[in-house]
Amino acid sequence: MMVCGLSTRLLNICIASFCKSRLLGKAEAVIIDGIRVGVIPDVVTYNTLVHAYCQFVGVDAAYSVIHRMKEAGISPNVITYNSLISGATRNRLLSQCLDLFEEMLQEGIHPNVWSYNILMHCFFKLGKPDEANRVFQDILLSDLTPHPATFNIMINGLCKNGYTDNALMLFRNLQRHGFVPQLVTYNILISGLCKAHRSGQARKILKDLGESGHEPNAITYTTVMKCCFRSKKFDQGVEIMSEMKSKGYTFDGFAYCTVIAVLVKTGRMEGANAFMEQMINNGIELDLVSYNTLLSMLCKEGKFEAAYKLLDEIESGGLLCDKYTHTILINGLCKAGNIAGAQQHLHYMNMMGFHDNLVAFNCLIDGLGKAGRIDRAMELYNSMEIKDSFTYDSLVLNLCKDGRFLCASKLMMKCLRDGMILLHSTRRALLDGLCSSGFTNEARKLKLKFRLARMLR
DNA sequence: CTAGGGTTAG
């Protein structure tokens, strides 16, 4: 018996190692081999497998493992279900999350605090902060002991759903009640505040972090670096990067992509190329985001042959191009003046099931407008179900450039009715255009509407 | 079962 238990433990270590390296086939083979020589897999074996399938394949594949474990006479436990629910959350499948939760209760398995943490995270991820808050309150009122992650998930969810102030308030309140923030907590807040354009508060939290005894890690540095770049403090951003290097942090794919993207965006191609080379030489495995970053580099340099080749390379490597990949190429083609190529790729993108990629449509609208084909841009606009302020900005500006101020003005009115306020420069171009072509009344009317819209905001 | 950082358009 003792020997058998030990063997199962060894089996589990072996399975975990294969699963970590995404070698699910090998993990399965080891289980079969083990059974042949009398090593019986236990609930931990199956849970490891369920978790790996959730992460690398999908919840449905993981679910079929559950059938197999039941057949083998092993009952799933709370950890099995937590893995499944967490997998469904990653894939934004809310109804599946709730179904699994229900199923767990029906199986007589008691959810633990992690089950509720995952559920909260799920509600936040799907933009339902009220539901998440209800779960949070339930945890506090129940006899479960909240885990520090419970608070972190709550603070992060509030930030991501636009409730930065509530997140800060919760943070301070918790501190008053003896909650000791972890490094993650600081990272969550710094990121949230940066994204909400509250760099003053972000700096304050960064200072708190420095005084807390925690050492900022690579995630902290990447977050702050991104914040610098967004507020156009490029030198400061690069400085942070070298500080990160000198402290010996691994400069990982996240950090590299942050820096390379900003170098590409600001046209510093030598630097971008140098870092890309460094990233590859350092043996960092390229994932889809890195490939997308590389693609944006090639497009900016006008190397479209290489760009198309990269698409094939991505897919033959087993990755699937996402909406970013398509948008980057379509935008690149537009900016290079190859509208036909952009249209062709948009068509391809639709065929691949990305009809809802608004950013790509906006790129083509802008490209068509800049190429003097504003009527074709309007046609495309009319065929679109969803539009945003980027759509209107491009159209209004290009209509103005074409001298069609009344048409532009009509579109502007539609925006205002929908509660959108366009860029100051766009509004200026339209007002100036209307005035100089004698439509002073129209301009006056529009100005009044702008003022009203501002008041209603 | 473990929350946090990276890629797209005006």
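To find a chain, count down the sequence lines: A is the first, B the second, and so on, and within it residues start at 1.
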Visitor: Do Asn357(A) and Thr327(A) have side-chain atoms, one donor and one acceptor, less than 3.5 Å apart?
Guide: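 The criterion, which ignores hydrogens and geometry beyond distance, is satisfied for Thr327(A) and Asn357(A).
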
Visitor: Cut-off 3.5 Å, side chains only: do Asn82(A) and Asn117(A) have a donor facing an acceptor?
Guide: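 Looking only at side-chain atoms, Asn117(A) and Asn82(A) do not form any donor-acceptor pair under 3.5 Å.
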
Visitor: Hey, does Ser115(A) reach any base, or is it just sugar-phosphate, or nothing, if we go heavy atoms under 4.0 Å?
Guide: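 Since no nucleic acid heavy atom lies under 4.0 Å of Ser115(A), the category is nothing.
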
Visitor: Within 45° of the axis and under 6.0 Å from the centre of the six-membered ring of Phe450(A), does NZ or CZ of Arg427(A) qualify?
Guide: yes

Visitor: Donor-acceptor pair, distance only, cut-off 3.5 Å: does the side chain of Asp366(A) make one with the backbone of Asn362(A)?
Guide: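 Flag not set: sc Asp366(A) to bb Asn362(A) has no pair under 3.5 Å.
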
Visitor: Report yes or no: is the cationic atom of Lys387(A) (NZ for Lys, CZ for Arg) closer than 6.0 Å to the six-membered ring centre of Tyr381(A), at no more than 45° off its axis?
Guide: yes

Visitor: May I ask you to decide if Lys125(A)'s main-chain N or O and Arg92(A)'s side chain share a donor-acceptor pair within less than 3.5 Å?
Guide: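 Here the side-chain-to-backbone pair exists.
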
Visitor: Reckon Asn47(A) touches a base, only the sugar-phosphate, or nothing at all at heavy-atom distances under 4.0 Å?
Guide: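 Nothing, no nucleic acid heavy atom in range.
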
Visitor: Let me know the distance between CG of Leu430(A) and P of dG10(B), rounded to the nearest Å.
Guide: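 Value for this atom pair: 19 Å.
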
Visitor: Considering only heavy atoms, which members of residues 130-138 of chain A lie under 4.0 Å from some atom of DNA chain B?
Guide: none

Visitor: Spell out protein contact along nucleotides 3-9 of chain B as letters: B when the base is contacted, S when just the sugar-phosphate is, - when no protein heavy atom is under 4.0 Å; keep the 5' to 3' order.
Guide: BBBBBBB

Visitor: When you measure from the side chain of Asn91(A) to the backbone of Leu93(A), do you find a donor-acceptor pair of N or O atoms at a distance under 3.5 Å?
Guide: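 Flag not set: sc Asn91(A) to bb Leu93(A) has no pair under 3.5 Å.
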
Visitor: To the nearest Å, how far apart are Leu411(A) CG and dG10(B) C1'?
Guide: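 In whole Å, dG10(B) C1' and Leu411(A) CG are 14 Å from each other.
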
Visitor: Which atom pairs, donor and acceptor, lie under 3.5 Å between side-chain atoms of residues 276-286 of chain A and protein residues at least two apart or in another chain?
Guide:
residue	atom	partner	partner atom	Å
Gln278(A)	OE1	Lys245(A)	NZ	3.1
Gln278(A)	OE1	Tyr256(A)	OH	2.9
Asn281(A)	ND2	Glu277(A)	O	3.4
Asn282(A)	ND2	Tyr256(A)	OH	3.0

